[in-house]
**Student:** 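Structure below; questions to follow.
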Amino acid sequence: MSFQTPGGTGPTSPGLPLTGQRRRLALSGLKGQVARGRDFTRQALTDWEWAAGLDPYGQSTADDVLLAVSELLANACLHAGGPQELVLAASADGLRVEVLDGDPAVPVPRAPYQPGSPGGHGLHIIERVADRWGVTPLPGGKSVWLEFAAGRLAGAVVSPPAARREEPGTRAVEGFPAL
């Protein structure tokens with residue numbers, strides 16, 4: 001797995017470098033994109049020593065990150081012609097995950113949400129587990145991103161994301177008019 005660090009400092013020892021770190025995984029045309037992305041993310045969280053954070057229910061926040069990454073990648077496979085790239089950007093503030101694809105269509109959570117029905121749960125799961133998520137338009141496609149605060153990943157026990165959200169169900173969509 002290849003990765004980059006800001007300023008081109010190259011590979012680092014385990015733990016998050018003071019300047020943060022950005023890792024990229026090319027996925028275009030590969031089989032097993034969701035599994036590859038999940039494994040890539042798991043390794044990064046381990047390297048950054050962010051695999052131990054627990055939520056108030058004793059669940060690993062790293063598991064939430066892996067679930068959210070899987071959902072973003074699966075959505076790109078199902079609805080956007082497949083993911084082109086997975087980008088993980090870690091800093092002292094937290095983790096930003098981006099999945100880039102070639103479809104400019106903005107994903108919208110299925111409404112009304114029907115928990116008992118098959119399908120249509122991905123973005124609702126992301127809203128539930130991530131601190132923020134949104135969409136950034138790109139030439140020839142978009143980036144669907146999500147963020148986790150560092151305190152959730154480093155072992156601090158904090159309140160669930162839904163309890164911190166000012167307005168449930170909101171999302172940021174950079175470069176798009178408000179819905």
Side-chain angles (χ1 to χ4, degrees), residues 1-78 80 82-102 107 122-123 125-136 138 141-158 160-161 164 171-172 174:
M1 291 182 209
S2 65
F3 59 90
Q4 301 171 289
T5 56
T9 58
T12 61
S13 60
L16 182 64
L18 293 176
T19 58
Q21 190 174 78
R22 185 175 183 92
R23 296 187 183 192
R24 307 174 83 93
L25 177 65
L27 292 166
S28 291
L30 297 178
K31 292 185 179 188
Q33 296 167 321
V34 175
R36 287 175 190 249
R38 191 173 42 246
D39 291 344
F40 179 79
T41 303
R42 181 181 295 113
Q43 184 61 56
L45 292 173
T46 300
D47 292 348
W48 296 328
E49 298 176 3
W50 276 358
L54 299 179
D55 70 14
Y57 310 106
Q59 301 297 309
S60 168
T61 303
D63 290 339
D64 287 348
V65 172
L66 295 173
L67 174 61
V69 166
S70 297
E71 290 295 339
L72 285 183
L73 291 169
N75 281 353
C77 289
L78 292 171
Q84 296 173 343
E85 185 174 32
L86 170 64
V87 179
L88 306 175
S91 71
D93 295 328
L95 175 66
R96 182 176 175 110
V97 175
E98 296 184 59
V99 172
L100 287 69
D101 65 54
L123 293 178
I125 291 170
I126 289 167
E127 284 181 342
R128 180 96 178 162
V129 301
D131 293 311
R132 289 179 6 119
W133 78 276
V135 180
T136 303
L138 300 172
K142 67 180 173 296
S143 166
V144 182
W145 55 267
L146 55 86
E147 296 174 344
F148 286 86
R152 292 184 59 200
L153 297 160
V157 176
V158 296
R164 288 195 305 274
R171 66 185 187 283
E174 297 173 0

**Student:** Would R36 and D39 pass as an ion pair if we require N to O under 4.0 Å?
**Tutor:**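 So R36 does not pair with D39 through a salt bridge.
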
**Student:** My understanding is that only one of D131, L45, D93 makes a side chain to side chain contact (heavy atoms under 4.5 Å, CB included) with F148; could you say which?
**Tutor:**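 The passing option is D131.
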
**Student:** Nearest heavy-atom pair of A130 and L146: which atoms, and what distance?
**Tutor:**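 Taking A130 first and L146 second, the nearest heavy atoms are CB-CB, 4.0 Å.
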
**Student:** When the side chains of residues 65-77 are checked against the rest of the protein, which donor-acceptor pairs come out under 3.5 Å, sequence neighbours left out?
**Tutor:**
residue, atom, partner, partner atom, Å
S70, OG, R38, NH1, 2.9
S70, OG, L66, O, 2.9

**Student:** Measure across D101 and G82 and return the closest heavy-atom pair with its distance rounded to 0.1 Å.
**Tutor:**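 For D101 and G82, the tightest heavy-atom pair comes out as CB-O, 3.7 Å.
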
**Student:** Could you report the tightest heavy-atom contact between W50 and G94, atom names first, then the distance?
**Tutor:**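 Shortest heavy-atom separation between W50 and G94 comes out as CH2-O, 3.5 Å.
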
**Student:** With no hydrogens and no angle check, do the side chains of Q43 and D47 hold a donor and an acceptor under 3.5 Å apart?
**Tutor:**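 There is such a pair between these side chains.
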
**Student:** Tell me whether R23 contacts the main-chain N or O of L86 through its side chain, where contact means a donor paired with an acceptor under 3.5 Å.
**Tutor:**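 The answer is no, because no donor-acceptor pair under 3.5 Å joins these two groups.
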
**Student:** Could you give the distance from CZ (F40) to CG (L25), rounded to the nearest 0.5 Å?
**Tutor:**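 Here the interatomic distance stands at 5.0 Å.
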
**Student:** So which atom in R152 and which in T61 form the shortest heavy-atom distance, rounded to 0.1 Å?
**Tutor:**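 Of all heavy-atom pairs spanning R152 and T61, the closest is O-OG1, 3.0 Å.
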
**Student:** What are the two closest non-hydrogen atoms of P83 and Q33, and how far apart are they?
**Tutor:**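 Shortest heavy-atom contact: CD-OE1, 3.2 Å.
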
**Student:** Could you state the interatomic distance from CD (E85) to CG (L138), rounded to the nearest 0.5 Å?
**Tutor:**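 CG of L138 is found 10.0 Å from CD of E85.
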
**Student:** Considering residues at least two apart in sequence or located in another chain, which fulfil the salt bridge (Lys or Arg N to Asp or Glu O under 4.0 Å) criterion with E147?
**Tutor:**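 E147 satisfies salt bridge (Lys or Arg N to Asp or Glu O under 4.0 Å) with R96, R132 only.
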
**Student:** Over all heavy atoms of both residues, which pair between A90 and L16 is shortest? Give the atoms and the distance, please.
**Tutor:**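 Here A90 and L16 meet closest at CB-CD1, 3.6 Å.
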
